[in-house]
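My structure is below; once you've seen it, I'll send some questions.
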Amino acid sequence: MALARIQAAVVNGLKTLGKLTEEQATVLLNSNDDMSGDNLGKLLLAEYKVSDFSLLTARSRAFGLSPFHVRNFQVDELTFQKLDRDFCRENKVLPIGHAGPFFIVALANPFNLQITQKIAEITRQKVSLLLAPESELLELLEDKKEQPASVGFGDVVEALGMEGGIEEVELAEGAAEDEESAPIITLANRIIEDAYYSGGSDIHIEPSEKSTRVRVRIDGNCQEKLTIPAKVSGALIARLKVMSNLDISEKRLPQDGRIVFKQFTRKNLDIDLRVSTAPLNHGEGVVMRILDKQKSTLPLAALGFEPENLEIYRGLIQRPFGMVLHCGPTGSGKSMTLYSALNEINAPDIVIRTAEDPIEYTLPGICQMQMHRKIGLTFAAALRAFLRQDPDIILVGEIRDPETAGIAVEAALTGHMLFSTLHTNDAPSTVARLTEMDVEPFMVSASIVCVCAQRLMRRVCKACKQAYEPEGREAEILHKALQWRGPIFRANAEGCPACGRSGYKGRVGIHELMATSEGLIEAINKEAETALIKRVAMLNGMFTLHQDSMKKVRAGLSTMEEAIANVPPDMEDLEAIREEFAIEAEVKSQAEAARKEKIEGFKRQRLQAIKDRAAVEAASAPENAESA
């Protein structure tokens, strides 16, 4: 059996390049062996001693693509901004960059058109292809650079045992010394490094009567990492204050600061930490939020939006004016979603201004402002300044007071697109929260484009999750939320090495997207209760947080236990809501019909009265003429 067209083109190309003789090419072209692309490549490399470069050149000419040498490519923090590493590894593609409207990727198998279409959908750009050897792609995507393991604290604790009585004054004077110069300095660095390598988001240093514990929040749950003697606690916190440029002598009042960690370590860690201290009953406590400057924003498609919600959300954020609000507790992913939305709509012809506290990620092409409350630079002051700078889009980190809420609504009503966050439990509660801040209901309904409530749920580990058939209450909850029954997954109690024996690895977002509609605007203007607004939104197609969490359970991304722990089941029955609103609509229809009938009756009476008057006047006209 002769070779397929592409394989024959590869062989002829190598013959043209002088890498195969006429006889060798004829033998290969007339071969009856199974000569798929992979088999032909292995044969050429092993038996015909064709170099990787020559084979790549011949294959690229056969496919009509440009060759790409992966070994010369440097991966940086922007490489996997549009396509995450797991997707690239699974599909054997490598994002190279942008060229005008094109998104450039290198891949090994150009025949797989579905991957090209999927990349175009995710990036929302035209895709330009380069051809690369599969082995080199996989080698780069495997990321063989070893992730630093948990660095441990054994050596530092031993040193502290000998030097536990270190004085805070001595520490402050030697704060600028080398990181290895004192055990306390090493301990502070080690705590931060260990938290970062563990994938933590927050570090908690909590004093008690006899000891101080260090905990790290990983995938939403706090894990205890270290317990140190109480006599060391003061020196450790003083060191963190020095790194944050805080007043080490002030222990009675809370303080806020920021650590630029690369100033205090030799390791290649470009992270910042938002530091908050507070006086507690056994001493000062410190909480540090890790802000990874090496990490880029994710595309909206990677944040956990369901396809129907993603399509609606993408359409809404393209509006020319209005207000898009994200709500949820601290650490629910609001900032990441807003950054991803801005990244998606950012373009050279759009002016974007942001007011943030703090600036968590630096976005190219966007002007960002850091708040400074001590000198009066608040969100409200920033908003006023932005409105004089001709922006198209404004992001306000948080609406937390009536002044900011009022200016934000006015900005949304005067031709600007405004993004912000609010602390409420769900999307319908946002209306009540804004009215509490003295914003009139009619202004709320006129300005809001959509409200998105969100949470982060732990992902069940792909490697060790266990399938089972839900029964009893679990099956009932699942059926009531989605009208679906079937097998779902639970976490393995013993876990595996991939998930650190926890059964969970990573997190996924759940969303409740409440877009405005005619019925919702009517309910807000009538100052309806939050429960009624929620029912109206559900009737208009909103999926609640609970329903979205059940979709993640159905898809095998998380577990029933995790879903219920994050969001309690809805009390509302969608069928009952539909029936209730259908009855209300029928009652309104009948009332409207009665009103119209009454108006028609009045019209008929009035017309009859006019006719009667005209008849009387016509009858009396001859009599008046005779008398005249």
Side-chain angles (χ1 to χ4, degrees), residues 80-90 118 121-122 198-202 217-221 292 295-314 326-341 343-344 426-427 452-467 470 474 477-478 481-482 484 486-492 495-496 498-500 502-513 542-569:
F80 300 103
Q81 184 176 19
K82 293 272 189 180
L83 301 175
D84 64 57
R85 188 185 288 271
D86 289 339
F87 174 87
C88 294
R89 189 183 297 118
E90 182 181 339
K118 196 167 186 180
E121 289 174 8
I122 293 173
S198 301
S201 60
D202 300 89
R217 189 176 293 279
I218 301 172
D219 290 340
N221 288 355
D292 186 359
K295 188 186 294 182
S296 61
T297 60
L298 295 171
L300 283 174
L303 297 180
F305 278 101
E306 290 296 316
E308 55 270 28
N309 275 348
L310 181 59
E311 184 180 353
I312 294 169
Y313 186 73
R314 274 179 163 158
H326 282 259
C327 55
T330 302
S332 61
K334 301 186 298 294
S335 297
M336 175 60 80
T337 308
L338 286 173
Y339 280 128
S340 299
N343 233 10
E344 178 139 331
D426 57 9
C452 182
Q454 59 186 91
R455 300 285 191 281
L456 290 176
M457 273 196 330
R458 289 187 296 168
R459 286 179 183 265
V460 65
C461 177
K462 296 178 184 177
C464 64
K465 63 183 180 181
Q466 300 171 332
E474 285 189 349
I477 290 173
L478 198 58
L482 303 178
W484 178 85
I488 58 176
F489 291 90
R490 61 170 157 240
N492 189 330
C496 69
C499 60
S502 67
Y504 295 90
K505 186 176 182 181
R507 291 191 286 179
V508 63
I510 56 174
H511 304 87
E512 179 178 276
L513 187 63
M542 180 188 82
F543 292 100
T544 65
L545 283 170
H546 171 65
Q547 287 175 309
D548 204 52
S549 69
M550 289 297 106
K551 288 184 178 183
K552 301 299 185 289
V553 172
R554 181 177 64 183
L557 296 175
S558 193
T559 64
M560 181 66 75
E561 293 85 352
E562 184 68 12
I564 299 301
N566 274 273
V567 185

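Only a predicted model underlies this, so the values are computations on that prediction, with no experimental measurement involved.
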* To do: Locate the shortest heavy-atom distance separating Ala481 from Gln547; write the atom from each residue and the value.
  =>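 That would be O-NE2, 3.4 Å.
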
- Task: Hey, could you give me the CD/SG distance between Glu512 and Cys327, rounded to the nearest 0.5 Å?
- Result: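 If we round to the nearest 0.5 Å, Glu512:CD and Cys327:SG are 7.5 Å apart.
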
Rounded distance [0.5 Å steps], CE in Met542 versus OG1 in Thr544: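 That separation rounds to 6.5 Å.
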
Kindly indicate whether the side chain of Leu83, heavy atoms from C-beta on, has any atom under 4.5 Å from the side chain of Ile122.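 Yes - at least one pair of side-chain heavy atoms lies under 4.5 Å apart.
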
Roughly how far, to the nearest 0.5 Å, is CD of Glu474 from CD1 of Ile477?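 Rounded to the nearest 0.5 Å, the CD1-CD separation comes to 7.5 Å.
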
Please assess Gln466 against Phe489 for the test side-chain contact (heavy atoms from CB on, under 4.5 Å), listing each intermediate value before the final yes or no. CA-CA 5 Å; Gln466 300 171 332; Phe489 291 90; 5.9 Å; no

N/O donor-acceptor pairs under 3.5 Å from side chains in residues 299-313, not counting sequence neighbours:
from   : atom 1 : to     : atom 2 : distance (Å)
Glu306 : OE2    : Lys552 : NZ     : 2.9
Glu308 : OE2    : Lys551 : NZ     : 2.6
Tyr313 : OH     : His326 : NE2    : 2.7

Practice item. Of all the heavy-atom pairs spanning Met457 and Ser549, show the shortest one and how long it is. Key: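 Of all heavy-atom pairs spanning Met457 and Ser549, the closest is SD-CB, 3.9 Å.
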
- Presence of salt bridge, Arg490 and Glu561, under 4.0 angstrom: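 Judged by the 4.0 Å cut-off on N to carboxylate O distance, Glu561 and Arg490 do not form a salt bridge.
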
For the atom pair CZ (Arg507) and CG (Leu456), what is the distance rounded to the nearest 0.5 Å?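 If I round to the nearest 0.5 Å, the distance is 4.5 Å.
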
Heavy-atom side-chain proximity of Lys505 to Arg459 below 4.5 angstrom
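Lys505 vs Arg459: side chains apart.
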
Can you find a pair of side-chain heavy atoms, one from Leu478 and one from Met560, that are under 4.5 Å apart?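 Yes, their side chains come closer than 4.5 Å.
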
* Which atoms form the tightest heavy-atom contact between Gly503 and Ala491, and what is the distance? ->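 Scanning both residues completely, I find the closest heavy atoms to be O-CB, 3.7 Å.
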
Does a donor on one side chain and an acceptor on the other come within less than 3.5 Å for Ser558 and Tyr504?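 No, no side-chain donor-acceptor pair sits under 3.5 Å.
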
Do you know the tightest heavy-atom contact between Asp548 and Ile510?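 Smallest interatomic distance, heavy atoms only, reads OD2-CA, 3.2 Å.
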
Answer whether the closest heavy-atom distance between the side chains of Thr559 and Arg458 falls below 4.5 Å.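 SC-SC contact between Thr559 and Arg458 ruled out.
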
To check you understand the geometry: which heavy-atom pair defines the closest contact between Ile564 and Met550, and what is its length?
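What the structure gives for the nearest pair is CD1-CE, 4.3 Å.
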
| Going from CG on Leu557 to NZ on Lys462, what distance comes out if it is rounded to the nearest 0.5 angstrom? |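 Atom-to-atom, Leu557:CG and Lys462:NZ are 8.5 Å apart.
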
**OP:** Please round to the nearest 0.5 Å and tell me the distance separating atom CG of Asn343 and atom CE of Met336.
**Re:**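 The distance works out to 10.0 Å.
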
ask   = Below 4.5 Å, heavy atoms only, C-beta onward: do Phe87 and Lys118 meet side chain to side chain?
value =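 A side-chain contact exists here, since the closest heavy-atom pair is under 4.5 Å.
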
Quiz item: At their closest point, which heavy atom of His511 faces which heavy atom of Leu545, and how far apart are they?
Solution: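 Of all heavy-atom pairs spanning His511 and Leu545, the closest is C-CD2, 3.9 Å.
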
